[in-house]
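Reviewing the structure listed below.
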Amino acid sequence: MNDWTPLNNIGIAVTERAELKHYTTFQLGGPCRALLDCATPEHLLAAVEHLAARKTPFILIGGGSNLVVSDQGLDCVVLRYVSPSPLVEFSEGLCRVSGSTFLDDLAGLLARKGLAGLNFASGIPGTVGGAVAGNAGAFGQQIGDTVESADLIDPDGAKRAAGGGDLDFRYRHSALKDQPAIVSGVTIRVIPADQRRLRAERREILATRRRKHPDWKTEPCAGSFFRNLEAAPETGRRQAAGWFLENAGAKDLRRGGAFVCPKHANIITTASGATANDVYLLSEDMREIVKSRYGLDLHREVRLAGPFPGRKAPAKSADYFW
Ligand SMILES: Cc1cc2nc3c(=O)[nH]c(=O)nc-3n(C[C@H](O)[C@H](O)[C@H](O)COP(=O)(O)OP(=O)(O)OC[C@H]3O[C@@H](n4cnc5c(N)ncnc54)[C@H](O)[C@@H]3O)c2cc1C
């Protein structure tokens, strides 16, 4: 039994047996032991120190926009690092932002201030911390290209700083996927630019997204389910997983309440009554259909958390995601 009083006393809200479906854009996932809502770097550090001192297993989520959480839930504490409004400071050519800030809030703020660097990220759901951990990107650009440095917290509560070059940013990958650490804050490089041009470009990007992607608030999803494939030698560009899925007939697939988005063959969405298990089984069918038609292996971009068929509950918290 955990005593949450020290955390409650500094303003951290704790929800015992929180249903994780309320905290993921797929709106799926069973209960966790407790959900700790941390908005600021100070709250985050206090919560990690509290859990580490008691050896309580935990995982961290941001906006929950790249996750499928098991219907059985997670036998651990979940730290949710999300801030309702941007926590940002500016200095010459740099922007220091909390990992809990929503990425799109930051992109909008920078456009309004006439600072270029993150306009490509307009409309990507989730937090800055989640984006850095997965090197989120769009239109050939990714957040790792802009990271000057990051403030990290290790699972044992130790604080450290890392330069952008130390974080091994690659396509939808950072060093934080191999060796989990929490992104408490990030300093990104920004460049003064024409505010009107940035705002017009942002409007265009948001319109393109509305056309091509489902609106996760009304059509639950976690964005592209599979990573794009390695670059083709002829073009040097990654090949869209959605093209192979579309041409292999994935849009006809369905499992229970989970189906492939009619707008985009690499996005799974759900109808009411869907389970995380439906999503998982559908994703395996999608993988198989591409394998049998093209002989290609698709790799997941979305992270699964907790037990799924053939995958037992993990022994240690670093293994909750797979
Ligand atoms: C409609 C839609 C469109 C999308 N479009 C794109 C797109 O264009 N490009 C793209 O790259 N992605 C896209 N995504 C996927 C998703 O938005 C990104 O991957 C996003 O960066 C995930 O951030 P999050 O805060 O939601 O992370 P979560 O889903 O909460 O967590 C994902 C992983 O990141 C880790 N994590 C979260 N916060 C931190 C932190 N502070 N420190 C360390 N690790 C952390 C978690 O532990 C977990 O392993 C889309 C998703 C949706 C629903």
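All figures in this text were calculated on a predicted structure; none of them were measured in a lab. The basis for the numbers below is simple: all heavy atoms, side chains too, and nothing from hydrogens, waters or symmetry mates. Atoms within each ligand, like the ligands themselves, are counted from 1 in listed order.
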Quick one: does [X] get a heavy atom under 4.0 Å from ligand 1?
X    : value
G64  : yes
L176 : no
I59  : no

Does any N or O of ligand 1 fall below 3.5 Å from an N or O anywhere on [X], backbone included?
X    : answer
W216 : no
V183 : yes
A133 : no
T25  : no
I182 : no
N135 : no
H213 : no

Could you tell me whether the side chain of [Y] reaches within less than 4.5 Å of the side chain of [X], counting heavy atoms only?
X    : Y    : answer
H264 : S224 : yes
F169 : V132 : yes
V302 : V279 : no
D75  : R33  : yes
L298 : L245 : yes
F58  : C76  : no
L103 : I143 : yes

At a 4.0 Å threshold, what atoms of ligand 1 neighbour a non-hydrogen atom of [X]?
X    : result
G130 : 21 (O), 23 (O), 25 (O), 27 (O), 36 (N), 37 (C), 38 (N), 39 (C)
C221 : 1 (C), 53 (C)
G137 : 7 (C), 8 (O), 9 (N), 10 (C), 11 (O)
Y81  : 41 (N)
R172 : 11 (O)
A181 : 43 (C)
T127 : 23 (O), 24 (P), 25 (O)
A131 : 21 (O)

If you group Ile, Leu, Val, Met, Phe, Trp and Tyr by side-chain heavy-atom gaps below 4.5 Å, do V290 and L229 land in one group?
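Linked within one cluster.
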Find out if a path of hydrophobic residues (ILVMFWY) with successive side-chain heavy-atom gaps under 4.5 Å connects L110 to F120.
yes
Just going by heavy-atom distances, which of [options] is nearest to [atom]?
atom                    : options               : result
atom 19 (O) of ligand 1 : N66, V128, I267       : N66
atom 20 (C) of ligand 1 : G62, G123, P125, G134 : P125
atom 22 (C) of ligand 1 : G63, S65, A150, G185  : S65

Contact partition for [X] relative to ligand 1, non-hydrogen atoms under 4.0 Å:
X    : result
I61  : both
S224 : neither
S184 : neither
Q142 : neither
K177 : neither
A136 : both

Charged N to carboxylate O below 4.0 Å: is that the case for D151 and R96?
yes
Are R287 and E284 ion-paired here, with the side-chain N under 4.0 Å from a carboxylate O?
yes
Assess the side chains of T275 and D278: does a donor N or O sit below 3.5 Å from an acceptor N or O?
yes
Donor-acceptor contact present, side-chain K263 to main-chain K212, <3.5 Å:
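Such a contact is absent between K263 side chain and K212 backbone.
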Do side-chain atoms of R238 reach the backbone of N228 as a donor and acceptor pair under 3.5 angstrom?
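Yes, because the side chain of R238 sits within donor-acceptor range (under 3.5 Å) of the backbone of N228.
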Please report the C-alpha distance between D215 and R210 in whole Å, then the side-chain angles of each, then the deciding distance to 0.1 Å, and finally whether the salt bridge (Lys or Arg N to Asp or Glu O under 4.0 Å) criterion is met.
CA-CA 7 Å; D215 174 359; R210 273 195 297 276; over 6 Å; no
Distance check, rounded to the nearest 0.5 Å: L36 atom CG versus H50 atom NE2?
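Those atoms lie 7.5 Å apart.
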